[in-house]
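The next block holds one structure in the form of structure tokens; read it before the comments.
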Amino acid sequence: SDVPSFTTALSYTTEVDNIEVDSPVSFPTTPLSRAKVMNRSTERVSSVMFTARDILRLDSQSYSRDDLTKSLAIESRNKRLFAAFDPKQAAVGLVLTCGNHCIYKSGDILCGSCRSMIPIPSDVYTYFEFSLTATYETIPLVAIGISTSSCPLNVMVGSWKESIGLYSDGQLLAESKWYQNISQKKPLVMNAGSTVGVLVYKSTNNKSSHNNNNGKSVTSTTYIRYNINGNPLSFDISSTTLRKYDGLSCDIYPSVSILSEGTRVWCRFCEADIVNRSRQSIGAPDNVKVYCLDGSLLLNTIG
């Protein structure tokens with residue numbers, strides 16, 4: 001079978017987490033050191049379980065009646081890509097756990113960014129979420145949004161061209177320009193326990209005067225809509241767009257930047273993990289299908 005096995009999941013997570021195995025002789029003697037070793041073992045088990053879940057989801061979606069869900073599942077399975085953070089697109093100083101579904105900052109870096117393994121598909125409404133957790137009295141300092149692979153991993157998403165990020169205080173940073181949140185009398189902010197949703201539509205248009213790598217004349221415009229805990233946001237900008245004239249050759253990824261210690265960001269890239277599920281809460285238009293990043297169908301045309 002071409003479906004990755006449970007053993008594959010084990011080897012995959014071991015490689016990603018770089019977990020060392022301690023023999024009885026080398027097992028630490030102090031309580032703190034033993035706690036760290038036991039925590040590594042716990043993280044390893046969690047990563048295996050998360051990855052096994054991702055594999056089973058891909059297998060199930062590859063038999064879906066929805067054509068887009070089925071095609072994206074087969075493509076991801078063949079490329080061994082999961083709807084999770086990408087360790088190859090994570091800044092040095094960021095730690096990925098739970099099968100690459102959770103990320104936090106460790107070390108002296110000021111800012112670290114990470115992107116997803118799977119890019120956002122074109123010509124379809126795609127919705128995904130990030131949930132924040134933090135240690136006691138920690139105020140999360142993060143930026144959540146989208147970026148291309150050209151965006152450096154040591155800068156905050158939104159501060160670089162071809163990237164957009166929502167900062168913790170509710171302000172939007174789009175290609176190094178700040179925009180105020182005007183949707184509430186009291187601006188919404190991100191706190192520990194908040195879930196931030198992002199609705200993206202990347203449209204392709206064949207009427208541009210620019211050419212892509214295939215010689216076709218195309219342009220690409222990406223529209224983005226945010227919500228915090230199901231409350232849609234609006235900004236003092238007529239339309240929040242991200243334009244790039246190489247069209248289909250440009251992949252855009254869900255991205256997160258972490259500036260504060262003690263903050264963990266959890267990705268919610270599949271339908272089963274989504275918290276806010278109504279059209280009103282995510283800002284989706286009526287009578288359109290809305291998919292999650294892994295291709296699972298969140299909202300059908302009816303409802």
Distance-minimising heavy-atom pair for S62 and K70: O-CG, 3.2 Å
Sidechain-backbone polar pair: T97 side chain, E43 backbone, donor-acceptor under 3.5 Å: no
Partner set under ring pair (Phe, Tyr, Trp, His ring centres under 6.0 Å) for Y291, not counting sequence neighbours: none
Heavy-atom closest pair, residues C270 and C292: C-SG, 3.7 Å
Check: S147 side chain, S163 main-chain N or O, donor-acceptor pair, under 3.5 Å: no
Interatomic spacing from CG in N227 to CG in L166 - rounded to 0.5 Å: 10.0 Å
Members besides Y253 in its Ile/Leu/Val/Met/Phe/Trp/Tyr cluster (side-chain heavy atoms under 4.5 Å): none
Rounded distance (nearest 0.5 Å) linking atom OG of S150 with atom NZ of K161: 6.5 Å
Donor-acceptor pair, side chain of R264 and main chain of A134, under 3.5 angstrom: no
Side-chain H-bond candidate by donor/acceptor type, R115 with S149, under 3.5 Å: no
side-chain contact (heavy atoms from CB on, under 4.5 Å) assessment of Y201 paired with D123: CA-CA 6 Å; Y201 185 86; D123 299 317; 4.2 Å; yes
N/O donor-acceptor pair under 3.5 Å between N231 side chain and I228 backbone: yes
Heavy-atom donor-acceptor pair, R57 side chain to A73 backbone, under 3.5 Å: no
Side-chain (K105) to main-chain (L259) donor-acceptor, under 3.5 angstrom: yes
Joint hydrophobic cluster, L233 plus V142, side-chain heavy atoms closer than 4.5 Å: yes
Pair T263-L141, side-chain contact (heavy atoms from CB on, under 4.5 Å): steps then yes or no: CA-CA 8 Å; T263 301; L141 297 178; over 6 Å; no
Candidate pair F128 and C267, rule side-chain contact (heavy atoms from CB on, under 4.5 Å), full reasoning: CA-CA 8 Å; F128 50 90; C267 63; over 6 Å; no
Atom pair CG (D54) and CG (L81), whose distance is rounded to the nearest 0.5 Å: 11.5 Å
Intermediate values then yes/no, side-chain contact (heavy atoms from CB on, under 4.5 Å), V265 and L132: CA-CA 5 Å; V265 181; L132 309 180; 3.7 Å; yes
V124 and K289, any side-chain heavy atoms less than 4.5 Å apart: no
Hydrophobic cluster membership, I144 vs I103, 4.5 Å side-chain cutoff: yes
Beyond-backbone contact of R77 with D59, side-chain heavy atoms, under 4.5 angstrom: yes
Interatomic spacing from OG in S122 to NZ in K202 - rounded to 0.5 Å: 3.5 Å
Ring centers of F269, F130 separated by less than 6.0 Å: yes
hydrophobic_cluster_shared for L173 and I252, side chain cutoff 4.5 Å: no
Candidates L293, V200, V290 - the one meeting side chain to side chain contact (heavy atoms under 4.5 Å, CB included) with Y127: V290
Side-chain touch F82/H101, heavy atoms, less than 4.5 angstrom: no
T135 side-chain N/O to T138 backbone N/O, donor-acceptor pair under 3.5 Å: no
Side-chain heavy-atom pair L299, I282 within 4.5 angstrom cut-off: yes
Hydrophobic cluster identity match, V198 and F235, side-chain contacts under 4.5 Å: yes
SB check D273 R53 (cutoff 4.0 Å): yes
Test item: F50 and N100 side chains (from C-beta on) under 4.5 Å apart, heavy atoms: no
Pairwise side-chain contact, Y179 with I164, heavy-atom cut-off 4.5 Å (strictly under): no
Main-chain N/O of V155 paired with S113 side-chain donor or acceptor, under 3.5 Å: yes
Shortest non-hydrogen contact from S255 toward I146: OG-C, 3.9 Å
Inter-residue atom distance S281.OG - N229.CG, 0.5 Å rounding: 10.5 Å
Set of residues satisfying side-chain hydrogen bond (donor to acceptor under 3.5 Å, both in side chains) with respect to S296, sequence neighbours excluded: D294
Contact summary for R279 and V288, nearest pair of heavy atoms: NH2-O, 2.7 Å
Approximate separation, where rounding is to 0.5 Å, of I55 CD1 and R80 CZ: 7.5 Å
Exceeds 12 heavy-atom contacts within 6.0 angstrom, atom CD of Q280: no
Contact summary for E129 and V275, nearest pair of heavy atoms: OE1-N, 2.8 Å
Donor-acceptor pair, side chain of S257 and main chain of V157, under 3.5 angstrom: yes
Polar side-chain atom of S60 near backbone of L56 as donor-acceptor pair, under 3.5 Å: no
Cluster overlap F85 with W266, hydrophobic side-chain contacts below 4.5 Å: no
Q171 versus D169, closest heavy-atom pair with distance: NE2-OD2, 2.7 Å
Note, L172 side chain near Y226 side chain (heavy atom, < 4.5 Å): yes
Heavy-atom side-chain contact between W160 and P152 under 4.5 Å: yes
